Amino acid sequence: MTHPLRLGIAGLGTVGTGVVKIIRQKANLLAERADRPVVITAVSARSRDKDRGVNLKDYAWEDDPVALATRDDVDVFVELMGGSDGPAKAATEAAIAAGKDVVTANKAMLAHHGHALAMAAEAAGRVIRFEAAVAGGIPVIKTLAEGLAGNEVTRVMGVMNGTCNYILTRMQSAGLPYDDVFEEANQLGYLEADPTLDVGGIDAGHKLSLLAAIAFGTQVDFDAVELDGIERITIDDIHQAADMGYRIKLLGVAQLTGRGLEQRMSPCLVPDTSPLGQLEGGTNMCVLEGDAVEQIVLRGPGAGEGPTASAVMGDVMDIARGFRMSVFGRPAAGLTKAKPAQAVTPAPYYLRMALEDKPGAMAKIATVLGENGVSIDRMRQYQHDGSTAPVLIVTHKVTRNDLDHALAAMDELDVMKETPVALRIETV
Ligand code: HSE
């Protein structure tokens with residue numbers, strides 16, 4: 001056996017504690033697999049005294065993550081603190097400058113600073129690995145960067161925020177409104193400290209931007225992700241989509257076309273019989289498409305101690321075995337700056353609206369749709385008591401441009417009581 005691989009772990013929350021447990025409990029197995037011991041030399045966290053249920057006394061303690069990251073007895077800086085800037089970024093930069101490899105679960109940091117960090121790491125001959133940053137325990141980065149290295153990747157899709165999938169599927173199974181299920185998720189501890197990161201699609205958008213960079217050889221560009229969250233999805237949307245044979249998912253889609261890079265994270269309808277349609281609870285799913293492989297579907301837990309620590313350990317073990325790869329699967333200096341593009345491929349849409357219940361209201365809607373080239377596939381008016389008629393329309397395929405014009409014109413109509421909701425129906 002060769003010399004041990006020495007880790008410095010910053011952040012001892014759920015994931016950090018899970019990594020410590022794996023390394024303590026599976027020391028022999030890890031050493032056999034890597035042909036060298038994998039050990040922790042030092043740790044760092046906000047509170048030294050907190051009982052985390054693991055024995056930390058064998059490890060040196062550092063209050064300052066930068067001091068931890070630059071210790072002489074640390075080979076790999078394992079960053080599990082989170083946060084796009086602040087201590088996580090400072091310590092990662094310090095680690096690279098001090099000649100350490102980095103393993104991180106920090107999607108926000110990489111979505112905002114991934115290209116600059118990759119350039120710095122590669123200039124220093126170091127690696128940054130981040131399997132745990134995307135889709136928890138699913139080894140999607142390994143699959144995309146290594147397993148599909150012989151493909152032109154054509155499209156990447158995914159449900160990559162377990163909290164949103166929990167909320168949407170729980171609304172459906174329990175028939176509960178959004179606010180009730182949001183509170184339930186809060187009580188269960190599923191929500192990020194800032195819940196907008198989850199329900200606003202930001203967390204999932206971070207993950208999509210990282211996958212897009214690997215898939216298409218582009219510089220990670222989170223600011224170009226078209227983002228829409230699940231806050232406006234009502235229990236009526238859930239029921240009415242189900243009535244039409246669909247499920248609503250917070251779905252990320254990235255593809256590179258002649259016009260540029262499309263990256264969107266938004267609530268979409270998917271067929272209820274499709275793998276994405278059947279995804280329940282906090283589970284994640286990534287769908288990868290390549291010219292040679294066609295389609296791969298990966299499904300698994302998107303968060304939690306064991307699954308996320310499992311992903312961190314996959315990266316640690318690659319480094320222990322001497323496997324080194326460019327941060328985004330090709331040298332950072334060669335990553336192109338993609339032009340952001342809106343999705344223009346025609347798609348069917350689900351339109352939900354509340355009309356004033358009076359003669360001619362429906363005719364006005366149909367006229368506006370027709371004038372803007374939007375053809376109706378299916379239409380339902382649901383039972384109601386008062387003066388407002390809930391109406392649902394599924395369109396034939398329509399371009400985004402035509403749909404936006406139709407929605408703007410509909411919003412102006414005197415019979416429209418609320419701004420209509422439009423959700424894309426995704427072919428998966
Ligand atoms: N808040 C995230 C989720 C955790 O719900 O999927 C993992 O990034």
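When a ligand or atom number is given, it counts from 1 through the structure's own listing order. We use all heavy atoms of the structure for the numbers below, so side chains are in, but hydrogens, waters and symmetry mates are not. Everything quoted here is computed from the prediction, not taken from an experiment. Along the sequence shown, the residues carry numbers beginning at 1.
Those atoms of ligand 1 with a heavy atom of K107 less than 4.0 angstrom away are 7 (C), 8 (O). Every atom of ligand 1 is numbered from 1 in the order shown, and the set under 4.0 Å from a heavy atom of G162 is 3 (C), 5 (O), 6 (O). For ligand 1, the atoms sitting less than 4.0 Å from at least one non-hydrogen atom of N161 are 1 (N), 2 (C), 3 (C), 5 (O), 6 (O), numbered in the order shown with element in parentheses.
Looking at M160, H206, E192, it is E192 that brings a heavy atom closest to atom 4 (C) of ligand 1. Checking L191, T163, T14 against atom 5 (O) of ligand 1, the nearest heavy atom belongs to T163.
By the criterion of a heavy-atom distance under 4.0 Å, the side chain of D203, and not its backbone, is placed next to ligand 1. With a heavy-atom cut-off of 4.0 Å, D198 touches ligand 1 through its side chain alone.
With R259 contributing its side chain and Q342 its backbone, the two residues share a donor-acceptor pair below 3.5 Å. A distance-only check finds a donor-acceptor pair linking the side chain of T395 to the backbone of Y349 [under 3.5 Å]. Not one N or O on the side chain of N161 forms a donor-acceptor pair closer than 3.5 Å with the backbone of L250.
In this structure, G302 is part of the shell of residues with a heavy atom less than 4.0 angstrom from ligand 1.
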Working for salt bridge (charged side-chain N to carboxylate O under 4.0 Å, His left out), residues E426 and K249: CA-CA 10 Å; E426 201 63 57; K249 297 287 165 194; over 6 Å; no
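Shortest contact from atom 7 (C) of ligand 1 to any protein heavy atom: K207 NZ, 3.5 Å.
In this structure, F222 and H206 have tilted ring planes: the angle between them lies in the 30° to 60° band.
With ring centers used as reference points, F328 lies 6.0 Å or more from F216.
Of all heavy-atom pairs spanning H115 and L335, the tightest one is ND1-CD1, 3.9 Å.
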